[in-house]
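Everything numeric in this text was worked out from a predicted model, so none of it was measured.
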Amino acid sequence: AMCAYPKNAQKQFHDDKMLVDMQIEAYVGTPLFDSDQRPLGVLAALFRRPLENHQITESILQIFAVRAAAELQHRKMEITLRESKKRYQDLFDNTPDMYIILDPQCRVVDFNQRGLKHLGLCREDIIGRSITKYILADDLAIAGAVTDSISQTGEPPHNIEIRLMHKNGHPVWVSKEFSLLKDDAGRLQAIRVVCRDITDRKRAEEILRQSEERYRTLVEHLPDGIY
């Protein structure tokens with residue numbers, strides 16, 4: 001509700017140092033609320049002279065109050081949105097896996113910092129480029145099968161193992177999981193890809209395979225059986 005003291009404001013609030021220092025004689029104020037009627041603050045007008053017709057001042061202040069409340073709510077929403085985006089970006093960039101967002105043509109829209117560092121890249125290297133440029137040539141057929149699956153069935157395959165290329169040329173084995181972002185009409189808007197580095201696992205598997213192959217070769221060339 002509007003609050004008005006058309007005269008003697010200092011006397012009624014003699015403990016308020018600001019009113020005394022500013023020699024305020026009259027005060028008109030109104031609370032500000034957002035669209036859900038939650039309080040935002042107070043809009044006040046201070047005068048050094050008594051108000052002869054404070055009703056006019058109240059009417060003008062009420063008009064400004066509506067505009068001020070709308071502006072405050074807008075700024076509050078902007079701050080909340082910025083903070084939310086920052087939290088999302090922090091989570092996106094610092095997740096332990098590589099996180100990639102592609103457009104329907106498989107061009108890179110976003111790539112988290114952890115993933116860029118993992119491949120020795122910077123954003124300028126990859127944003128807007130086709131992800132296929134960073135897939136080992138021998139594995140392009142696997143990438144093609146993924147896009148074919150999405151275009152033909154509307155669903156991505158699961159747990160694809162493929163090799164990405166580090167900037168210095170060495171391959172990085174990753175396990176890929178896909179999810180699709182579609183609009184209300186079911187049209188594909190983006191492809192979200194989570195890549196987990198499995199290079200160490202693949203190296204261990206290769207060492208085991210070579211060891212088993214050497215053992216099998218040794219056994220096959222022994223003159224007698226082993227008991």
Side-chain angles (χ1 to χ4, degrees), residues 34 36 38 40 71-151 153-207:
D34 65 15
D36 295 322
R38 291 174 296 196
L40 294 170
E71 181 63 22
L72 284 173
Q73 182 172 6
H74 178 68
R75 291 186 180 182
K76 186 176 181 181
M77 291 175 64
E78 285 184 335
I79 292 172
T80 301
L81 182 60
R82 282 198 302 269
E83 291 175 347
S84 177
K85 285 183 176 179
K86 185 178 184 301
R87 287 193 296 270
Y88 165 78
Q89 195 65 44
D90 287 344
L91 179 63
F92 178 77
D93 282 335
N94 295 300
T95 183
D97 296 322
M98 288 176 266
Y99 198 105
I100 311 167
I101 299 177
L102 308 175
D103 68 11
Q105 289 72 46
C106 291
R107 294 184 294 255
V108 178
V109 176
D110 207 354
F111 205 119
N112 71 338
Q113 287 297 323
R114 184 67 63 90
L116 292 172
K117 184 178 181 181
H118 212 73
L119 297 179
L121 301 171
C122 59
R123 291 180 62 82
E124 292 74 16
D125 292 328
I126 197 167
I127 299 300
R129 298 175 181 268
S130 173
I131 191 63
T132 57
K133 294 181 180 296
Y134 301 90
I135 295 175
L136 197 72
D138 290 347
D139 290 354
L140 286 175
I142 300 174
V146 172
T147 55
D148 289 344
S149 174
I150 293 173
S151 62
T153 69
E155 295 297 331
H158 296 286
N159 196 25
I160 298 299
E161 295 184 354
I162 201 168
R163 286 168 291 181
L164 300 178
M165 290 297 297
H166 191 279
K167 191 173 184 177
N168 67 13
H170 74 261
V172 177
W173 273 103
V174 296
S175 172
K176 286 187 173 185
E177 287 288 345
F178 303 86
S179 62
L180 306 183
L181 179 63
K182 300 179 181 180
D183 62 16
D184 293 339
R187 293 183 292 264
L188 181 64
Q189 299 298 301
I191 305 169
R192 291 171 292 204
V193 189
V194 179
C195 302
R196 177 158 295 179
D197 190 336
I198 58 171
T199 303
D200 289 344
R201 194 196 82 195
K202 285 292 185 178
R203 287 173 181 164
E205 290 176 351
E206 178 61 18
I207 291 172

Can you find a pair of side-chain heavy atoms, one from Arg129 and one from Val108, that are under 4.5 Å apart?
no

Atom CG of Leu164 and atom OG1 of Thr199: how far apart are they, to the nearest 0.5 Å?
9.0 Å

Within 6.0 Å of NZ in Lys182, more than 12 heavy atoms from elsewhere
yes

Check the pair Lys167, Leu121 against side chain to side chain contact (heavy atoms under 4.5 Å, CB included), reporting the backbone distance first and the verdict last.
CA-CA 6 Å; Lys167 191 173 184 177; Leu121 301 171; 4.0 Å; yes

Could you walk me through whether Gln113 and Arg123 pass side chain to side chain contact (heavy atoms under 4.5 Å, CB included), step by step?
CA-CA 8 Å; Gln113 287 297 323; Arg123 291 180 62 82; 4.0 Å; yes

Heavy-atom pair with the smallest gap, counting every atom of Ser175 and Asn159
OG-OD1, 2.5 Å

Is the shortest heavy-atom distance from the side chain of Cys106 to the side chain of Thr147 under 4.5 Å?
yes

Quick one: pull up CG in Leu181 and CD1 in Ile101 and give me the separation to the nearest 0.5 Å.
8.5 Å

For Asp36, is the CG atom crowded, meaning more than 12 foreign heavy atoms sit under 6.0 Å from it?
yes

For a quick test of reading the model, state the closest non-hydrogen atom pair linking Arg187 to Asp183 and the distance between them.
N-OD1, 2.7 Å

I would like to know whether Met98 and Leu119 meet side chain to side chain contact (heavy atoms under 4.5 Å, CB included); could you show each step before the answer?
CA-CA 9 Å; Met98 288 176 266; Leu119 297 179; 4.1 Å; yes

What side-chain donor-acceptor pairs closer than 3.5 Å can you find for residues 130-144, not counting sequence neighbours?
unit_1: Ser130; atom_1: OG; unit_2: Thr132; atom_2: N; d: 3.3
unit_1: Ser130; atom_1: OG; unit_2: Thr132; atom_2: OG1; d: 2.7
unit_1: Tyr134; atom_1: OH; unit_2: Asp125; atom_2: O; d: 2.4
unit_1: Asp139; atom_1: OD1; unit_2: Arg163; atom_2: NH2; d: 2.9
unit_1: Asp139; atom_1: OD2; unit_2: Arg163; atom_2: N; d: 2.9
unit_1: Asp139; atom_1: OD2; unit_2: Arg163; atom_2: NE; d: 2.9

What's the shortest heavy-atom distance between Pro156 and Phe178, and which atoms?
CB-CB, 3.5 Å

Could you give the distance from NZ (Lys76) to CG (Leu40), rounded to the nearest 0.5 Å?
6.0 Å

Taking the side chain as every heavy atom from C-beta outward, state whether Leu81 and Lys85 have any pair of such atoms under 4.5 Å apart.
yes

Qualifying residue for side chain to side chain contact (heavy atoms under 4.5 Å, CB included) with Ile191, from Val109, Ile150, Val146:
Ile150

Hey, are Glu71 and Arg75 close enough for a salt bridge, meaning a charged N less than 4.0 Å from a carboxylate O?
yes

Would you check, one step at a time, whether the test side chain to side chain contact (heavy atoms under 4.5 Å, CB included) holds for Arg201 with Glu161?
CA-CA 12 Å; Arg201 194 196 82 195; Glu161 295 184 354; 2.5 Å; yes

CD1-CG distance between Ile127 and Asp110, expressed to the nearest 0.5 angstrom:
5.5 Å

Would you say the side chain of Val174 lies within less than 4.5 Å of the side chain of His118, judging by non-hydrogen atoms?
no

Tell me the side-chain hydrogen bond (donor to acceptor under 3.5 Å, both in side chains) pairs involving residues 95-105, sequence neighbours left out?
Asp97-Arg196, Asp103-Arg107, Gln105-Arg107

Determine, step by step, whether Lys202 and Glu206 satisfy the salt bridge (Lys or Arg N to Asp or Glu O under 4.0 Å) criterion, reporting the C-alpha distance in whole Å, the side-chain angles of both residues, the deciding distance to 0.1 Å, and the verdict.
CA-CA 6 Å; Lys202 285 292 185 178; Glu206 178 61 18; over 6 Å; no

Write down the atom of Leu180, the atom of Arg192, and the distance for their closest heavy-atom approach.
O-NH2, 3.6 Å

